[in-house]
Q: 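Below is a structure I'd like to ask you about.
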Amino acid sequence: MDGDGLSPLSFQVLKPVGFIDTSKRSCENHEHLSTRNAQEACIICALIQQDEDIQTLIRERHETKIVVITPYSAQANLLRSELKKIKGLNYWFISTVDSYQGQEADVVIIST
């Protein structure tokens with residue numbers, strides 16, 4: 001996802017909850033019976049890499065648990081492949097909504 005023109009981030013997440021409108025950067029692809037959005041996956045990776053609070057957690061606690069939850073299995077697969085590329089990110093989990101119920105994390109990102 002290099003060369004996508006999405007970095008550095010041009011938005012700031014309001015703490016502790018923030019919303020990022022990705023509708024203008026939507027690039028949905030339908031795979032079998034699922035949906036994935038490469039632009040949204042790129043934004044999520046940029047957020048994890050550039051958000052000051054997330055980066056502080058990662059530096060201070062090496063086992064910072066970052067979770068991305070999505071309703072689509074194709075998006076979950078895409079996010080898994082993209083997050084593997086982020087250096088220094090050791091403890092992350094991608095899940096569909098159904099399989100994540102009842103768990104906790106330091107950072108939770110919802111991919112719609």
Side-chain angles (χ1 to χ4, degrees):
M1 290 194 189
D2 295 328
D4 53 26
L6 293 178
S7 49
L9 292 180
S10 58
F11 51 83
Q12 181 177 357
V13 177
L14 303 174
K15 310 301 183 211
V17 175
F19 297 92
I20 301 170
D21 181 5
T22 61
S23 63
K24 291 184 176 66
R25 293 184 174 170
S26 182
C27 181
E28 290 185 359
N29 293 318
H30 300 284
E31 247 177 49
H32 305 287
L33 299 174
S34 191
T35 300
R36 70 182 198 157
N37 185 330
Q39 292 295 335
E40 186 175 285
C42 184
I43 290 169
I44 289 170
C45 289
L47 175 67
I48 291 170
Q49 292 176 297
Q50 297 177 26
D51 182 81
E52 290 178 23
D53 290 336
I54 293 173
Q55 286 302 306
T56 299
L57 278 172
I58 291 170
R59 276 192 307 275
E60 293 177 357
R61 296 178 42 208
H62 296 287
E63 292 188 1
T64 298
K65 185 176 181 182
I66 298 174
V67 174
V68 182
I69 301 171
T70 179
Y72 305 109
S73 60
Q75 185 74 357
N77 292 335
L78 175 62
L79 286 162
R80 278 186 200 96
S81 69
E82 292 304 315
L83 287 182
K84 287 179 186 177
K85 299 175 186 176
I86 299 177
K87 294 178 183 176
L89 188 60
N90 301 318
Y91 196 59
W92 53 268
F93 185 70
I94 307 296
S95 178
T96 58
V97 176
D98 293 339
S99 63
Y100 190 72
Q101 292 178 354
Q103 299 182 47
E104 296 181 7
D106 299 298
V107 177
V108 177
I109 299 171
I110 308 295
S111 171
T112 59

Q: To the closest 0.5 Å, what do you measure between SG (Cys45) and CD (Gln50)?
A: 10.5 Å

Q: Any non-hydrogen side-chain atom of Ile86 less than 4.5 Å from a side-chain atom of Gln49?
A: yes

Q: Would you kindly confirm whether Leu57 and Ile44 end up in one hydrophobic cluster when ILVMFWY residues are joined by side chain heavy atoms under 4.5 Å apart?
A: yes

Q: With clusters defined by side-chain heavy atoms of hydrophobic residues (ILVMFWY) lying less than 4.5 Å apart, directly or transitively, does Ile43 cluster with Leu89?
A: yes

Q: Just verifying a value: how many Å separate Cys42 SG and Leu79 CG, rounded to the nearest 0.5 Å?
A: 11.0 Å

Q: Can you give the donor-acceptor pairs under 3.5 Å from side chains of residues 101-111 to other protein atoms, not counting sequence neighbours?
A:
residue, atom, partner, partner atom, Å
Gln103, NE2, Ser99, O, 3.2
Asp106, OD1, Arg61, NH1, 3.1
Asp106, OD1, Arg61, NH2, 3.1
Asp106, OD2, Arg61, NH2, 3.3
Asp106, OD2, Lys65, N, 2.7
Ser111, OG, Glu40, OE2, 2.3
Ser111, OG, Gln75, NE2, 3.3

Q: If you take all heavy atoms of Tyr100 and Ile69, which pair is closest and at what distance?
A: CD2-CD1, 3.2 Å

Q: Mind checking side chain to side chain contact (heavy atoms under 4.5 Å, CB included) for Ser73 and listing every partner two or more places apart, or none if nothing turns up?
A: Ser34

Q: Can you list every salt bridge (charged side-chain N to carboxylate O under 4.0 Å, His left out) pair that touches residues 90-99, not counting sequence neighbours?
A: none

Q: For a quick test of reading the model, state the closest non-hydrogen atom pair linking Trp92 to Arg80 and the distance between them.
A: CH2-O, 3.6 Å

Q: Report yes if some heavy atom in the side chain of Ile58 is under 4.5 Å from a heavy atom in the side chain of Ile66; otherwise report no.
A: yes

Q: Let me see the working for Ile54 and Thr64 under side chain to side chain contact (heavy atoms under 4.5 Å, CB included), right down to the final yes or no.
A: CA-CA 9 Å; Ile54 293 173; Thr64 298; over 6 Å; no

Q: About how many Å separate CG of Leu83 and CG of Leu78, when rounded to the nearest 0.5 Å?
A: 9.0 Å

